[in-house]
Amino acid sequence: MSAALFIEQVFNGLQFGVMLFLMSAGLTLIFGVMGLINLAHGALYMVGAFAAAAVSAATGSFLLALMGALAASAVAGVLVEVIVIRRLYARDHLDQVLATFALILIFSEGTRWVFGSFPLYLDVPAALAGPVMLPFGIAYPAYRLAIIGIGLVVAAALFFLIAGTRVGMRIRAGESDREMIGALGVNISALYTGVFALGAALAGFAGALVGAIQSVQVGMGEPVLILAFVTIVIGGIGSIRGAFVGALLVGLTDTLGRVLLPILFSAVMEPSAAATVGGALASMAIYILMALVLLFKPTGLYGGAA
Amino acid sequence: MEFKHLMLAACTAALCGGAALAENVKVGMITTLSGGGAGLGIDTRDGFMLAVKQAGRDDLEVVIEDDQRKPDMAVQLADKMIQQEKVDVLTGIVWSNLAMAVVPAAVAQGKFYLSTNAAPSALAGRGCNPLYFSVSYQNDNLHEAAGAYMRDAGYKAPFILAPNYPAGKDSLTGFKRFFEGTPKDEIYTKLGQTDYSAELAQIRASGADSVFFFLPGGMGISFLKQYQASGLDLPLVGPAFSFDQGILQAVGDAALGVKNTSQWSKDIDNAANKAFVDGFQAEYGRLPSLYAAQGYDTANLLISAMDKADVSDKAAFQAALEAADFPSVRGKFSFGANHHPVQDIYVREVVQEGDVLTNKIVGFAIKDRADAYVGECKM
């Protein structure tokens, strides 16, 4: 395998990781601040993608489509928080899992009801279609490069929000002692709604960005949700930095595993057997990574004491 | 106690006898109507019901249930249809893993099963059954046709890929059965994978002269869009599934010009196909898909058998189905010894008609193709 191909695959891993970060940032915030397991996070990702496809079909503008996705998923997040989630904070995790699983079904069938059963069309903006030439003769899709850039900007903004602003201070305070911050006069229920909406908007944004290069269809959120959970468990639940490192680790492990493992096995096996064994092992790679991390750091890479 | 049982048995027998006298046929359709794969099941159902409606039969009753693409759900529904609804014929399953869960048990209980889509090799060879008919194809067929087409078109070193699950392995095996040469490289991707950046980079680096891929549903949409964005311009060939009417609009321009293999296309020129395509558009306001065509043919096959025999007379009804005496939208259609079709498979190209993407036939891939397993079938 040439160096150029390897670098290209590292880019692919980074791009995948950055997308996962947008998904898992919201998930880890919601779990960290409110102690809520939100299985419906994937549904919000789907809402973002469908909203983007609808706006893009109506206006033809990708920028407006992204705005639409942000707005729609944030609004969906607020509605869900106010109507359903708010009643679940005091309940145990099983109740939360049941209720948010019901939300997945409601969102899926609701979306199918509104948009029909066939996948929708959403394409990358014309300015970012096609590849760009990088040094060492690497032709890399411009849109994926843009995703990496956007993801890093969002990550930086989130870090600043959490570490450098008053709202961030309250979020961190809410994480460590929610009763005390309530007693100090912070409107805790507005803070929760805000955090939930932020998480939802990030998920919807990821859905819209990815929808342009994948298929916009009912149920698209669930596979990503599983990966996002793996990511936050690796990173340490509640930690934005953990989500970032975890997402990049999962993205790189998954992408490079898919490419390198079959090559590795083909050194000792015949090609078709190597492809099968390597492929099977590659799809397990991130779970093996998670098991290893948990073996040495049971609360995740950046998790606090359990 | 004994007496009570006897009475019950007699009653049941009388009920069954009564139904048979009226010569009504009750069909249980189990298909996917919700969740990610719902488009396929909905088209199957709509195609089937269009044929029923056009025939105007009041002696044909159809019960439709949603399997949610879950094997356990499909098994439950099949039990319910056989035991409570007392259906004579089952049909409609889209996915091979669901078919494997339902079909062997259903035919063992003496029910006919007419497959509108799924036709795994396990049911075509040693596992074939007199009561089981596949109206669509044998799963390998379209892949074999793609291999034959690429061989004839002079491609020497295709890069071939499919998901890592039984139908994916059958796909690449079927492709190689007819391609005859050695592919440049073959890879199995994760089932349900949506990001193909790593594979696309491998394709670019491999030096292949063409690409064959089998990625049904959303996987194919993702692959095609990313293929276009990657700047690769090798010729693409695949089976019809990734270029079906239901998903072409979601793929967009990335699909234009791609060759794909199918046993049906909306521009096959015969009266039955015209009645089907026009009728489907008038009834549902959209173009029909491959799955709709298969549903439509299945219903017409069933109706043709109902005209010839009584469903309670298993042997006669089986013979009537075997005759396949109905106007297929594919034109020429007959059953092989293992109750799988012998038919022509076409090469289609994705074109734009107005603002709708669709397929048009550009030639034959294989003529009169049966399947690779017919020799293993002992009925």
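In what follows, every chain begins at residue 1, and chains take the letters A, B, ... in the order their sequences are listed.
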For B/Tyr196 and B/Gln226, indicate whether the former's side chain and the latter's backbone hold a donor-acceptor pair under 3.5 Å.
-> no
Are any side-chain N or O atoms of B/Asn359 and backbone N or O atoms of B/Phe243, one a donor and one an acceptor, separated by less than 3.5 Å?
-> yes
Tell me, side chain or backbone of A/Pro119 under 4.5 Å from chain B's heavy atoms, or both, or neither?
-> both
Chain B contact via A/Ala129 - side chain, backbone, both or neither, heavy atoms under 4.5 Å | neither
Over all atoms of both residues, closest heavy-atom pair of B/Gly218 and A/Ser215 = CA-OG, 3.4 Å
Looking at B/Arg45 and B/Asp66, does any basic side-chain N land under 4.0 Å from a carboxylate oxygen?
-> no
Identified side-chain contact (heavy atoms from CB on, under 4.5 Å) partner of B/Val94 from the options B/Thr116, B/Thr44, B/Ile30 | B/Thr44
At a heavy-atom separation under 4.5 Å, does A/Leu120 approach chain B through its side chain, its backbone, both, or neither?
-> backbone
Going by residue number, which parts of residues 244-254 of chain B are within reach of chain A, meaning a heavy-atom gap below 4.5 Å?
-> B/Gly246, B/Ile247, B/Gln249, B/Ala250, B/Val251, B/Gly252
Sorted by chain and number, sequence neighbours left out, side-chain contact (heavy atoms from CB on, under 4.5 Å) with B/Lys156 holds for B/Asp209
For A/Ile288, all residues meeting side-chain contact (heavy atoms from CB on, under 4.5 Å), sequence neighbours excluded | A/Met284, A/Leu292
Segment of A/Ser108 engaging chain B (4.5 angstrom heavy-atom cut-off) = neither
Pairs involving residues 222-231 of chain A, ordered by first then second residue, that meet side-chain hydrogen bond (donor to acceptor under 3.5 Å, both in side chains) (sequence neighbours left out) = none
